[in-house]
Undergrad: 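Take a look at the following structure, please.
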Amino acid sequence: MVAILYDETPKHKENFIKLAKEHYFDSTLFHRVIAGFMIQGGDPDSKSAMPGQPLGRGGPGYTIDAEFNPKFIHERGALSAARLGDQQNPTKASSGSQFYIVQGKKFTDSLLNEVEIKRLAGRKIPLNHREVYKAIGGSPHLDQNYTIFGEVIKGIDVVDKIANRTRDQYDRPKEDVRIIKMRLKKKFLFF
């Protein structure tokens with residue numbers, strides 16, 4: 001996969017670049033995958049995890065302040081920071097290393113209306129965003145709740161293959177899907 005990182009989310013961009021340069025993500029797993037939703041990685045504990053071991057709590061020991069930008073939405077291919085839930089994390093600070101890539105699904109206007117009522121407490125999805133969710137898909141209920149700091153520009157088919165893996169009760173693929181290496185070249189991230 002090839003991704004770009006956004007200048008508009010400088011804290012997340014610089015942190016991800018720093019970790020990639022340190023080879024932090026090398027040999028980590030995509031430890032949580034949900035078809036029609038997303039694939040998640042970046043847990044350093046996954047490097048030596050035993051089969052069936054629950055993952056998703058590891059990190060570098062710090063969080064990053066949220067950098068929500070209404071310009072970015074959770075469309076198919078969005079690269080976003082994972083985080084603890086609102087109860088434990090009312091400021092919605094991001095994990096220092098865990099990230100996810102949106103696979104998502106396509107929506108109709110009626111489904112988007114349901115998302116507005118049930119998941120966004122009545123907040124309206126802008127018309128231009130609705131068109132994206134209808135055309136290419138995504139996960140609109142995450143907008144303005146998780147920081148989007150980049151996007152996959154090549155290899156979205158790899159996201160589909162990973163998301164559709166058979167998984168266990170923790171949403172971990174039964175057969176490990178490992179990030180062999182992640183490298184930064186110019187303004188692109190390769191993994």
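It should be emphasised that the depicted structure is a prediction, and the values quoted were computed from it without experimental measurement.
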Undergrad: Is the shortest side-chain heavy-atom distance between Gln98 and Gln40 below 4.5 Å?
TA: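 Yes, their side chains come closer than 4.5 Å.
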Undergrad: Quick one: do the Asn69 and Tyr6 side chains pair a donor with an acceptor below 3.5 Å?
TA: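 No donor-acceptor contact under 3.5 Å links the two side chains.
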Undergrad: Heavy atoms only: give me the nearest Thr28-Lys47 pair and the separation to one decimal.
TA: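 Closest heavy-atom pair between Thr28 and Lys47: CG2-CE, 3.7 Å.
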Undergrad: If you define the side chain from C-beta out and look only at heavy atoms, does anything of Arg183 sit under 4.5 Å from Phe25?
TA: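 Answer no - side chains too far apart.
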Undergrad: Does a side-chain N-to-carboxylate-O contact under 4.0 Å join Lys134 and Asp109?
TA: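 Asp109 and Lys134: salt-bridged.
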Undergrad: Can a donor-acceptor pair be found, under 3.5 Å and without considering hydrogens, that links the side chain of Ser139 to the backbone of Leu142?
TA: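 Answer holds: no.
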Undergrad: In sequence, state the C-alpha distance, the side-chain angles, and the governing distance for Val132 and Ile73, and then conclude on side-chain contact (heavy atoms from CB on, under 4.5 Å).
TA: CA-CA 9 Å; Val132 171; Ile73 63 173; 3.9 Å; yes
Undergrad: Taking Asp7 first and then Lys13, would you say they form a salt bridge - that is, a charged N and a carboxylate O separated by under 4.0 Å?
TA: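 Salt bridge: yes.
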Undergrad: Is Leu111 linked to Leu120 within one hydrophobic cluster, defined over Ile, Leu, Val, Met, Phe, Trp and Tyr using a side-chain heavy-atom separation of less than 4.5 Å?
TA: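 Hydrophobic grouping puts Leu111 with Leu120.
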Undergrad: So if you build clusters from Ile, Leu, Val, Met, Phe, Trp, Tyr with side-chain heavy-atom gaps below 4.5 Å, do Leu79 and Phe30 land together?
TA: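 Shared cluster, yes.
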Undergrad: Does Phe99 have its ring centroid less than 6.0 Å away from the ring centroid of Phe149?
TA: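 Not close enough - the centres of the two rings lie 6.0 Å or further apart.
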Undergrad: If you measure only the distance, is there a donor-acceptor pair under 3.5 Å linking the side chains of Gln53 and Tyr170?
TA: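 No.
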Undergrad: Same hydrophobic cluster for Val152 and Leu189, using side-chain heavy-atom links shorter than 4.5 Å among ILVMFWY?
TA: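 Looking at the clustering, Leu189 is in the same group as Val152.
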Undergrad: Determine whether the side chains of Arg119 and Asn145 contain a donor N or O and an acceptor N or O closer than 3.5 Å.
TA: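 The answer is no; no qualifying pair exists.
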Undergrad: Verify the distance criterion only: is there a donor paired with an acceptor across the side chains of His74 and Asp143 at less than 3.5 Å?
TA: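 Yes, because at least one side-chain N or O of His74 sits under 3.5 Å from a partner of the opposite role on Asp143.
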Undergrad: Is there a path of hydrophobic side-chain contacts, each under 4.5 Å between heavy atoms of I/L/V/M/F/W/Y residues, joining Ile64 to Tyr24?
TA: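 Both belong to a single hydrophobic cluster.
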Undergrad: If we count only N and O atoms by modelled type, under 3.5 Å, do the side chains of Ser94 and Tyr146 hold a donor and an acceptor together?
TA: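 Distance-only check fails for Ser94 and Tyr146.
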Undergrad: Looking at every heavy atom in both Asp45 and Gly58, which two are closest together, and how far apart are they?
TA: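 Residues Asp45 and Gly58, closest heavy atoms: OD2-CA, 3.4 Å.
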Undergrad: May I ask you to test the Lys92-Arg83 pair for a side-chain heavy-atom distance under 4.5 Å?
TA: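 In contact.
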Undergrad: Drop me the distance from Ile148's CD1 to Ser80's OG, to the nearest 0.5 angstrom.
TA: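 Rounded to the nearest 0.5 Å, the CD1-OG separation comes out at 4.5 Å.
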Undergrad: Are the side chain of Asp171 and the backbone N or O of Ile34 linked by a donor-acceptor pair below 3.5 Å?
TA: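 No.
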Undergrad: Taking the side chain as C-beta and beyond, is there a heavy-atom pair between Arg172 and Arg32 under 4.5 Å?
TA: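 No, their side chains stay 4.5 Å or more apart.
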Undergrad: Lys106 and Ile136: which non-hydrogen atoms are nearest, and at how many Å?
TA: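 That would be CG-C, 4.0 Å.
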Undergrad: Determine whether Ile179 and Leu29 satisfy the following criterion, side-chain contact (heavy atoms from CB on, under 4.5 Å), listing intermediate values before the conclusion.
TA: CA-CA 6 Å; Ile179 296 171; Leu29 301 177; over 6 Å; no
Undergrad: Does atom NZ of Lys18 have more than 12 heavy-atom neighbours, drawn from other residues, nucleotides or ligands, at distances under 6.0 Å?
TA: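 More than 12 heavy atoms, drawn from other residues, nucleotides or ligands, come within 6.0 Å of this atom.
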Undergrad: Please check: side-chain N/O of Lys154 versus main-chain N/O of Phe190, any donor-acceptor pairing under 3.5 Å?
TA: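 Side chain of Lys154 to backbone of Phe190, a donor-acceptor pair under 3.5 Å: no, none is there.
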Undergrad: So which atom in Gln103 and which in Ala163 form the shortest heavy-atom distance, rounded to 0.1 Å?
TA: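 Taking every non-hydrogen atom into account, OE1-CB, 3.4 Å.
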Undergrad: If you take all heavy atoms of Ser97 and Pro44, which pair is closest and at what distance?
TA: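 That closest heavy-atom pairing would be OG-CD, 4.1 Å.
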Undergrad: Can you check whether Arg165 reaches Lys174 side chain to side chain, under 4.5 Å on heavy atoms?
TA: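 No, every pair of side-chain atoms sits at 4.5 Å or beyond.
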Undergrad: Within the structure provided, determine whether Lys118 and His141 are in side-chain contact (heavy-atom separation under 4.5 Å).
TA: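 Sidechains of His141 and Lys118: no contact.
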Undergrad: Looking at Asn164 and Asp160, would you say the former's side chain and the latter's main chain have a donor-acceptor pair under 3.5 Å?
TA: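 Yes, Asn164 side chain to Asp160 backbone: donor-acceptor pair under 3.5 Å.
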Undergrad: Rounded to the nearest 0.5 Å, what separates atom CD1 in Ile101 from atom CD1 in Ile39?
TA: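 Going from CD1 on Ile101 over to CD1 on Ile39, the span is 4.5 Å.
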Undergrad: Measuring only between side-chain heavy atoms, which start at C-beta, is Ile180 closer than 4.5 Å to Phe191?
TA: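 Ile180 vs Phe191: side chains apart.
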Undergrad: Looking only at heavy atoms, what is the nearest atom pair of Met38 and Val102, with distance?
TA: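 Heavy atoms only, the tightest pair is CB-CA, 4.1 Å.
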Undergrad: Going only through I, L, V, M, F, W and Y residues with side-chain contacts under 4.5 Å, is there a path from Leu19 to Met1?
TA: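 They do share one cluster, since a chain of ILVMFWY contacts under 4.5 Å joins Leu19 to Met1.
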Undergrad: Could you tell me the separation between the CD1 atom of Ile125 and the CD atom of Gln144, rounded to the nearest 0.5 Å?
TA: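 Taking CD1 in Ile125 and CD in Gln144, the distance rounds to 11.5 Å.
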Undergrad: So that I can tick it off, tell me whether Glu8 and Lys71 are bridged by a salt bridge, with the cut-off set at under 4.0 angstrom between side-chain N and carboxylate O.
TA: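 The answer is yes: the pair qualifies as a salt bridge.
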Undergrad: I'd like to check Glu22 versus Ile17 (side-chain heavy atoms, cut-off strictly below 4.5 Å). Are they in contact?
TA: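 No, their side chains stay 4.5 Å or more apart.
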Undergrad: Can any side-chain N or O of Asp168 pair as donor or acceptor with the backbone N or O of Pro173 at less than 3.5 Å?
TA: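 No, Asp168 side chain to Pro173 backbone: no donor-acceptor pair under 3.5 Å.
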Undergrad: Where do Asn15 and Tyr62 land on the side-chain contact (heavy atoms from CB on, under 4.5 Å) test, with the steps shown first?
TA: CA-CA 11 Å; Asn15 180 66; Tyr62 59 84; 2.4 Å; yes
Undergrad: Rounded to the nearest 0.5 Å, what's the gap from CZ on Phe107 to CD on Glu114? Could you check?
TA: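 Those atoms lie 9.5 Å apart.
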Undergrad: Do the side chain of Asn89 and the main chain of Ala93 share a donor and acceptor less than 3.5 angstrom apart?
TA: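 Here the side-chain-to-backbone pair exists.
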Undergrad: Under 3.5 Å, is there a donor-acceptor pair linking the side chains of His129 and Glu75?
TA: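 Side-chain D/A pair, His129 to Glu75: absent.
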Undergrad: Quick check: are there more than 12 heavy atoms from other residues, nucleotides or ligands sitting under 6.0 Å from CD of Gln169?
TA: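 For Gln169, atom CD is crowded (more than 12 foreign heavy atoms under 6.0 Å).
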Undergrad: Report yes or no: does Arg123 contribute a side-chain atom to a donor-acceptor pair with the main-chain N or O of Glu116 at less than 3.5 Å?
TA: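 Not confirmed, Arg123 side chain does not pair with Glu116 backbone.
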Undergrad: Evaluate the side-chain contact (heavy atoms from CB on, under 4.5 Å) criterion for residues His12 and Asp65: first the C-alpha distance (whole Å), next the side-chain angles of each, then the deciding distance (0.1 Å), finally the verdict.
TA: CA-CA 9 Å; His12 286 75; Asp65 293 339; over 6 Å; no
Undergrad: Main chain of Glu67, side chain of Thr9: is a donor-acceptor contact present, judged purely on distance under 3.5 Å?
TA: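 No, because the side chain of Thr9 does not come within donor-acceptor range (under 3.5 Å) of the backbone of Glu67.
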